[in-house]
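Quick notes on the structure that follows.
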Amino acid sequence: MAKTSDKPKSFEAAMTELESIVAAMEAPDLPLEQALAHFERGTRLLRYCEGTLSEAENRIRILENGRLETFGDESNAP
């Protein structure tokens with residue numbers, strides 16, 4: 001596992017690391033201290049991912065002039 005102070009290189013890298021943390025935590029023989037370390041790192045990664053997604057949503061809002069529209073919803077089509 002990466003150092004707990006490491007910032008992920010990208011959103012995708014953070015998601016990949018989160019997936020590996022979840023898999024490790026599902027192991028029945030994981031020692032408590034290691035489980036706590038995984039939980040702490042996973043929490044940091046989750047916050048990073050949430051922040052990245054929030055920033056992306058804000059950028060989309062700006063690009064769409066404040067109108068965030070759902071793609072693929074044909075019920076609003078003319």
Side-chain angles (χ1 to χ4, degrees):
M1 188 170 77
K3 295 177 188 175
T4 58
S5 61
D6 289 349
K7 181 178 176 182
K9 294 180 182 183
S10 66
F11 176 82
E12 293 78 11
M15 290 299 296
T16 299
E17 189 176 345
L18 269 171
E19 289 172 358
S20 69
I21 287 172
V22 169
M25 290 185 73
E26 289 176 343
D29 58 346
L30 186 66
L32 178 60
E33 287 302 316
Q34 197 171 5
L36 290 172
H38 281 309
F39 181 80
E40 183 178 354
R41 178 64 176 165
T43 299
R44 287 186 182 142
L45 289 168
L46 181 59
R47 287 182 186 145
Y48 171 84
C49 289
E50 288 172 340
T52 302
L53 289 173
S54 180
E55 289 173 15
E57 184 176 333
N58 287 336
R59 290 173 61 189
I60 291 169
R61 286 182 195 273
I62 290 168
L63 292 171
E64 295 292 327
N65 269 336
R67 296 176 305 163
L68 185 61
E69 299 176 13
T70 304
F71 295 110
D73 183 10
E74 296 181 19
S75 62
N76 294 332

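- The two residues His38 and Ala24 have their closest heavy-atom pair at NE2-CB, 3.9 Å.
- Within the 3.5 Å criterion, the main-chain N or O of Glu12 finds a donor-acceptor partner in the side chain of Thr16.
- Considering only heavy atoms from C-beta on, Glu57 stays 4.5 Å or farther from Leu53 through its side chain.
- At a threshold of 4.0 Å, the pair Arg44-Glu40 counts as salt-bridged, since one of the basic side-chain nitrogens sits closer than that to a carboxylate oxygen.
- Residues meeting the side-chain contact (heavy atoms from CB on, under 4.5 Å) test with Met15, sequence neighbours left out: Phe11, Leu18, Cys49.
- Listed here is the closest heavy atom pair of Leu45 and Ala14: CD2-CB, 4.0 Å.
- Scanning both residues, Ser10 and Ala13, for their nearest heavy atoms gives OG-N, 3.0 Å.
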(request) Test Arg59 against Ile62 for side-chain contact (heavy atoms from CB on, under 4.5 Å), laying out the working first. (result) CA-CA 5 Å; Arg59 290 173 61 189; Ile62 290 168; 5.6 Å; no
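- In the hydrophobic clustering of ILVMFWY residues, with side-chain heavy atoms under 4.5 Å counting as a link, Leu30 and Ile21 come out together.
- Nearest approach of Tyr48 to Lys7, heavy atoms of both residues: CE1-CE, 3.8 Å.
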